Amino acid sequence: MPSFDTVCEADMVKVKNGVDNAAKEIGTRFDFKGTSASIEIKDKEITLIGDADFQIEQILDVLRGKLTKQSVDVRFLDIGDLQKIGGDKVKKVVKVKNGVEAELAKKIQRLIKDSKLKVQASIQEDKVRVTGTKRDDLQAAIALLRKEISDTPLDFNNFRD
């Protein structure tokens, strides 16, 4: 039976390259000289450290630019709140989204059910598997999801005939 998986996962190699390029630029930029501006990545968390909120926003802009050049969708970034860390330094933790969250998975399942297409959606851990009897119905389901869900970067893989 034909099927595909709906997932939400960033290419972590490209994300790491983007963070490394941003760190290089931050190290060489004149407006960051002599400050504590830095950026680092650990697992799926990017930590931005700076002297003020304004500086953190500049670092975030540099990061977004570098990730865009690496063709990573910036909607994968889940930007946290500003936190004070000793002295006059602040930090912001940015998480890289990975996997379809439960609320979004239910929304996808509801959309497919309400669409009257002859396909079924089932939630499997951090992805949603859509199955149907015809390939055209699956392609219609992909088009529907691309049109209706624009706030999260969805990817469709594991397409089987």
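Since we're looking at a predicted model, the values are computed, not measured.
In this structure, I49 is not a member of the same hydrophobic cluster as I79, with clusters built from ILVMFWY side-chain heavy atoms closer than 4.5 Å. In terms of hydrophobic clustering, with Ile, Leu, Val, Met, Phe, Trp and Tyr side chains grouped at heavy-atom distances under 4.5 Å, V119 and I142 are assigned to a common cluster. In the hydrophobic clustering of ILVMFWY residues, with side-chain heavy atoms under 4.5 Å counting as a link, F159 and I108 come out together. M12 and V7 fall into different hydrophobic clusters, where Ile, Leu, Val, Met, Phe, Trp and Tyr side chains are chained together by heavy-atom contacts under 4.5 Å.
The minimum heavy-atom distance linking N98 with K44 is given by the pair ND2-CE, 2.9 Å. Across all their heavy atoms, V100 and A105 have their closest contact at CG1-N, 3.7 Å. Here the shortest heavy-atom pairing between G18 and L67 reads CA-CD2, 4.0 Å. Minimum interatomic distance between L144 and S115 (heavy atoms only, all atoms of both residues): CD2-CB, 3.6 Å. Looking at every heavy atom in both residues, I56 comes nearest to L48 through CD1-O, 3.5 Å. When all heavy atoms are compared, the tightest approach of A10 to F76 is N-CE2, 3.6 Å.
Here NZ of K91 is found 13.0 Å from OG of S36. Values are rounded to the nearest 0.5 Å. Here the straight-line distance linking atom CG of L138 with atom OG1 of T131 works out to 7.5 Å at 0.5 Å rounding. Rounded to the nearest 0.5 Å, atoms CD (E45) and CD (E40) are 10.5 Å apart. Atom CG of D126 is separated from atom CD of E9 by 7.0 Å, given to the nearest 0.5 angstrom. In this structure, NZ on K92 lies 10.0 Å from CD on Q83, to the nearest 0.5 angstrom. Between L145 atom CG and L154 atom CG the span is 6.5 Å, to the nearest 0.5 Å.
With hydrogens and angles disregarded, a donor-acceptor distance shorter than 3.5 Å links the side chain of T28 to the backbone of K24. A donor-acceptor contact shorter than 3.5 Å links the side chain of Q109 to the backbone of A121.
The environment of CZ in R160 is sparse: at most 12 heavy-atom neighbours from other residues, nucleotides or ligands sit within 6.0 Å. Residue R110 places its CZ atom among 12 or fewer non-hydrogen atoms of other residues, nucleotides or ligands, all under 6.0 Å distant. Counting non-hydrogen atoms of other residues, nucleotides and ligands closer than 6.0 Å to CD of E103 gives a total of 12 or fewer. Other residues, nucleotides and ligands contribute over 12 non-hydrogen atoms within 6.0 Å of the NZ atom of K97. Applying the 6.0 Å contact sphere to CG of N157 captures more than 12 heavy atoms from other residues, nucleotides or ligands. The neighbour count for E57 CD, taken as heavy atoms of other residues, nucleotides or ligands under 6.0 Å away, is above 12.
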R129 vs N158, test: side-chain contact (heavy atoms from CB on, under 4.5 Å). Steps then yes/no.
CA-CA 9 Å; R129 176 157 293 160; N158 208 8; 3.5 Å; yes
When you look at Q70 and N21, which way does the side-chain contact (heavy atoms from CB on, under 4.5 Å) test go after all the steps?
CA-CA 10 Å; Q70 291 286 333; N21 290 341; 3.4 Å; yes
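Side-chain contact between I46 and V15: present, with at least one pair of heavy atoms (C-beta onward) separated by less than 4.5 Å. With a 4.5 Å cut-off on side-chain heavy atoms, I149 and L111 count as touching. Looking only at side-chain heavy atoms (C-beta outward), D51 and K89 come within less than 4.5 Å of each other. Between V74 and T68, the closest side-chain pair of non-hydrogen atoms falls below 4.5 Å. In this structure, the side chains of L63 and V19 come closer than 4.5 Å at one or more pairs of heavy atoms. In this structure, E25 and F32 have side chains that are not in contact, with every pair of non-hydrogen atoms separated by 4.5 Å or more. Residues R29 and V62 form a side-chain contact, since some pair of their non-hydrogen atoms from C-beta on lies under 4.5 Å apart.
Applying the side chain to side chain donor-acceptor pair (under 3.5 Å) test to residues at least two apart or on different chains, the pairs with a partner in residues 132-153 are R135-D161.
Below 30°, between 30° and 60°, or above 60°: for F156 and F4 the angle between ring planes is above 60°, a perpendicular geometry.
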